[in-house]
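Shown next, in structure tokens, is the structure this report addresses.
Because the structure is predicted, anything quoted here is derived from the model rather than measured.
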Amino acid sequence: MTGAERHFDGAGSGDDNGLADGLERLWTPHRMTYISGEDRPEGGYEKPTGCPFCLAPGLPPDESLVVARGEHVFAVLNLYPYNPGHLLVCPYRHVADYTELDAPETAELAAFTKDAMRVVRHVSNAHGFNLGMNQGGVAGAGIAAHLHQHVVPRWGGDANFMPVIGRTKVLPQLLADTRDLLAKAWPA
């Protein structure tokens with residue numbers, strides 16, 4: 001078998017540079033916008049005028065992916081979710097650090113995190129959750145200028161071969177459909 005034949009049929013040892021390794025690929029080209037930073041506003045996220053978390057509450061629901069609104073915080077679907085139903089709880093106020101929240105913001109952020117867990121558990125039978133805040137770019141915050149709490153639902157077996165071998169996640173539902181489902185179940 002020639003190198004070209006191995007390249008097209010996926011056979012071969014995979015040791016040859018540039019040749020197929022026998023794995024099928026699922027492409028997620030929408031992630032390239034995030035990775036490359038193409039969607040970042042000129043001047044970055046430091047100012048509220050370019051911050052997607054400051055802009056989202058003012059957009060129509062089908063564009064914003066906002067699931068629920070409180071007095072001090074709101075819940076929004078992550079545009080680049082780790083798992084289906086991955087929510088972010090954000091203060092309306094443009095603050096970067098958890099220590100900058102005032103007492104009412106802190107209390108409502110905690111209450112919304114609990115509500116997010118209850119709602120996601122109710123609509124999708126999540127088995128567990130990862131909760132967390134990445135404080136600062138060096139800590140992994142993609143948008144470090146605006147605090148946000150991640151609420152990531154988890155299911156037994158969700159860390160399957162796809163992210164490990166395929167380096168991609170399979171999301172079984174469109175984000176707009178997930179938003180509608182969660183918004184309907186959110187407590188009034």
Side-chain angles (χ1 to χ4, degrees), residues 28-59 61 63-121 124 126-155 158-159 162-164 166-171 175 178-179 182-183 186:
T28 55
H30 66 280
R31 297 263 315 149
M32 190 50 68
T33 300
Y34 175 74
I35 293 166
S36 69
E38 289 175 31
D39 63 346
R40 287 194 182 138
E42 197 170 315
Y45 301 123
E46 299 303 314
K47 297 179 180 162
T49 55
C51 174
F53 300 138
C54 289
L55 299 174
L59 297 173
E63 292 178 38
S64 71
L65 299 176
V66 172
V67 172
R69 300 166 189 269
E71 185 178 342
H72 304 286
V73 304
F74 64 97
V76 62
L77 280 176
N78 189 329
L79 186 57
Y80 304 103
Y82 298 129
N83 267 347
H86 179 171
L87 287 165
L88 304 171
V89 180
C90 307
Y92 289 109
R93 198 162 58 94
H94 188 82
V95 297
D97 197 89
Y98 186 69
T99 62
E100 296 177 50
L101 293 179
D102 61 27
E105 289 168 328
T106 303
E108 193 172 51
L109 187 130
F112 259 58
T113 299
K114 286 180 174 183
D115 285 340
M117 292 174 65
R118 288 181 186 115
V119 167
V120 172
R121 195 175 279 135
S124 66
H127 299 150
F129 292 89
N130 290 117
L131 304 175
M133 293 181 208
N134 301 324
Q135 296 284 268
V138 50
I143 300 175
H146 196 130
L147 176 82
H148 51 284
Q149 165 85 8
H150 290 263
V151 179
V152 183
R154 302 299 305 269
W155 294 268
D158 69 5
M162 292 301 292
V164 176
R167 300 188 54 82
T168 191
K169 278 282 191 177
V170 176
L171 299 175
L175 289 176
T178 303
R179 188 212 94 49
L182 295 173
W186 201 273

Test F112 against every option in W186, F74, Y92 by the ring-ring contact (aromatic ring centres under 6.0 Å, His included) rule and name the one that passes.
->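 Passing option: W186.
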
Rounded to the nearest 0.5 Å, what separation is found between the [atom1] atom of [X] and the [atom2] atom of [Y]?
{"X": "D97", "Y": "Q135", "atom1": "CG", "atom2": "CD", "value": "4.5 Å"}
{"X": "T106", "Y": "Y98", "atom1": "OG1", "atom2": "OH", "value": "5.0 Å"}
{"X": "L65", "Y": "L182", "atom1": "CG", "atom2": "CG", "value": "10.5 Å"}

If I compare all heavy atoms of [X] with all of [Y], which pair ends up nearest, and what's the gap?
{"X": "L77", "Y": "L175", "value": "CD1-O, 3.2 Å"}
{"X": "P84", "Y": "P153", "value": "O-CG, 3.0 Å"}
{"X": "L59", "Y": "S64", "value": "CB-CB, 3.7 Å"}
{"X": "A144", "Y": "G137", "value": "CB-N, 3.6 Å"}
{"X": "V151", "Y": "A116", "value": "CG1-CB, 4.1 Å"}
{"X": "V76", "Y": "V66", "value": "CG2-N, 3.8 Å"}

Dump the intermediate steps for side-chain contact (heavy atoms from CB on, under 4.5 Å) on Q149 and L88, then the final yes or no.
-> CA-CA 5 Å; Q149 165 85 8; L88 304 171; over 6 Å; no

Excluding sequence neighbours, so at least two apart, what forms salt bridge (Lys or Arg N to Asp or Glu O under 4.0 Å) with [X]?
{"X": "E108", "result": "none"}
{"X": "R69", "result": "none"}
{"X": "R118", "result": "D115"}

Counterpart residues, side-chain hydrogen bond (donor to acceptor under 3.5 Å, both in side chains), relative to D102 (two or more places apart) |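 Residues passing side-chain hydrogen bond (donor to acceptor under 3.5 Å, both in side chains) with D102: none at all.
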
side-chain hydrogen bond (donor to acceptor under 3.5 Å, both in side chains) with H86: which residues, sequence neighbours excluded?
->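 Applying side-chain hydrogen bond (donor to acceptor under 3.5 Å, both in side chains) to H86 gives N78, H150.
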
Pairwise side-chain contact, C90 with L147, heavy-atom cut-off 4.5 Å (strictly under) |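 No. Closest side-chain heavy atoms not under 4.5 Å.
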
Could you check if a side-chain atom of E105 sits within less than 4.5 angstrom of a side-chain atom of R93, using non-hydrogen atoms only?
->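 Side chain of E105 against side chain of R93, heavy atoms only: contact under 4.5 Å found.
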
In chain order, what residues pass the ring pair (Phe, Tyr, Trp, His ring centres under 6.0 Å) check against F53, with sequence neighbours excluded?
->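 Partners of F53 under the ring pair (Phe, Tyr, Trp, His ring centres under 6.0 Å) test: H146, H148.
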
